[in-house]
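Contents: one structure, followed by commentary.
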Number of protein chains: 2
Amino acid sequence: MGKPTIHIVLGDDHEIFRNGFKTLFDDQPGIRFVGEAANGDELLRVIAKLKPEIVFTDIKMPGMNGVETTRLIRKRYPFAEVIALSTFNDAHFLMDMLDAGAKGYLLKDASKREVLEAIHAVHAQTHYYCKATREKMTELRTASGDSLAELKRIAFSGREKEIIGLICGGMSTMDIAKKLFLSKRTVDGHRDRIMRKASAPNIASLVTFAIRHGLFEV
Amino acid sequence: MGKPTIHIVLGDDHEIFRNGFKTLFDDQPGIRFVGEAANGDELLRVIAKLKPEIVFTDIKMPGMNGVETTRLIRKRYPFAEVIALSTFNDAHFLMDMLDAGAKGYLLKDASKREVLEAIHAVHAQTHYYCKATREKMTELRTASGDSLAELKRIAFSGREKEIIGLICGGMSTMDIAKKLFLSKRTVDGHRDRIMRKASAPNIASLVTFAIRHGLFEV
DNA sequence: CAAAAAACAGGTACTAATACCTAACAATCC
DNA sequence: GGATTGTTAGGTATTAGTACCTGTTTTTTG
């Protein structure tokens, strides 16, 4: 007898992408694409019903995003391993997703071969990152020494993300302090830490950084 | 006799997306998907060979981007009408694409229905924009297009636009002064006038203003 | 429970930005 | 020719942001 079939579901808000993804498994006897969802909530329901071994999820989705969705999947349905799909080869997204419990990270321009490799690797309980992402990780590692510690160092906390949003929204430090009932110094400190993590020399750079990294929408 | 078949080609660097796009026409007798390309140069060659009536192209592609590609398509192969595909509902991309000669603009999360509507509209020599893009256009119109006086009041001079770009790019006043061989006070003055025109209380607001008004690209 | 991380807050010093002025000079337009 | 506009530059004052510290308290997590 052969190996048991691996069941796959996909969460992505792009209908065309879902259609294309589905077709990857047409000629794969050991793998069955069993369901799809256009957003996080729907994805959770699909998983509860179909009990797939592998879940692919986009990071950017309307409603609950991929990071939050992944956290819930790992918590509620630990049998399902998550592989992240992203348009962006971005260290922050990568970090957020790994932190949420994803076992793999693929860019949306991944080839069929990479998708299949990722499935088998993650199903065998190893991690998988696509080529571009591995290069990104190497780049970060060589840029400043020690491995994944670096990625963790630049991950933003919830409060930091909140303050990034307010800064980008045009609020001054004082405005933010008043709004959040904090001392100006506290907000100063948060901003200081944010700027270091983003390697931004000034507010203008921080704003473009935040927009490029999906932390603020224009 | 029926209508002649419409031939479609697609330029997009995402294999999975191309696969999904292809399947949209499986049950469409009047439309034939005849070719695909992963970048701009390849797309031009495919068009030269297959002479499609409709070309879909992604905006962001490695090598020659969609805007430049579209310009060349319209110049060399005027029989081919171009419909832009984009992940981003961005006024700036939209303007660039229309300027380059695209007759339609679709987001990548478009439904099958929208894709088919776009094809028929553009093939009938009308323009087509997906719902989200139409909303974006209305929003921009009401946001900045009310009174002519208003527009003139906030119209930026060439130098001002140049400095806006440099500020958004993360340069400090001093950086800009050195780069342009000006006194810091001159740049201060320019920035002052810019901020008043934009009604921006601080740099963060100016950056988002500039991005929203197409004065800076992220 | 103990360790780690996040959030909070203050010190100190310096630099950059903001606000509101004036004004010279050149180019452009009617 | 005269008016307008753009570019340049400076004066003066205040506020905001930047950089690098030190801590405490609270929350999360192993």
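Just so we're on the same page: letters track the sequence lines, and every chain starts at 1. Every heavy atom of this structure was used, including side-chain atoms; hydrogens, water molecules and symmetry mates were not.
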In this structure, how many angstroms lie between the [atom2] atom of [N] and the [atom1] atom of [X], rounded?
X: A:D192; N: D:dC21; atom1: CG; atom2: P; value: 10 Å
X: B:D175; N: C:dA16; atom1: CG; atom2: C1'; value: 11 Å
X: B:K161; N: D:dG6; atom1: NZ; atom2: P; value: 11 Å
X: B:L206; N: C:dT18; atom1: CG; atom2: P; value: 8 Å
X: B:F156; N: D:dG6; atom1: CZ; atom2: P; value: 12 Å
X: A:K184; N: C:dA9; atom1: NZ; atom2: P; value: 13 Å
X: A:I203; N: D:dA19; atom1: CD1; atom2: P; value: 10 Å
X: B:F181; N: D:dT7; atom1: CZ; atom2: P; value: 18 Å

Short side-chain donor-acceptor distance under 3.5 Å, A:E53 and A:H7: yes
Donor + acceptor pair across side chains of A:N202, A:S205 (<3.5 Å): yes
Just N and O in the side chain of [X]: are any of them under 4.0 Å from OP1 or OP2 of [N]?
X: A:R159; N: C:dC8; value: yes
X: A:R191; N: D:dT18; value: yes
X: B:T186; N: D:dT8; value: no
X: B:H190; N: D:dT7; value: no

From the set [options], return the single nucleotide nearest to any side-chain atom of [X].
X: A:R193; options: C:dC8, D:dT18, D:dG11; value: C:dC8
X: B:S172; options: C:dC8, C:dA16, D:dT7; value: C:dA16
X: A:R185; options: D:dT8, C:dA7, C:dG11; value: C:dG11
X: B:M195; options: D:dA9, C:dG11, C:dT18; value: C:dT18

Whichever of A:A200 and B:I163 has its nearest DNA chain D nucleotide further upstream toward 5': B:I163
Nearest-nucleotide comparison on DNA chain D, the residue closer to the 5′ end among B:S183 and B:N202: B:S183
For the student: nearest non-hydrogen atoms of B:I59 and B:S86, plus distance: CD1-CB, 3.7 Å
Touch class at under 4.0 angstrom, heavy-atom based, for B:M174 against every strand present: nothing
Expected output: side-chain A:E117 to main-chain A:E114 donor-acceptor under 3.5 Å: no
B:T70 side-chain N/O to B:G66 backbone N/O, donor-acceptor pair under 3.5 Å: yes
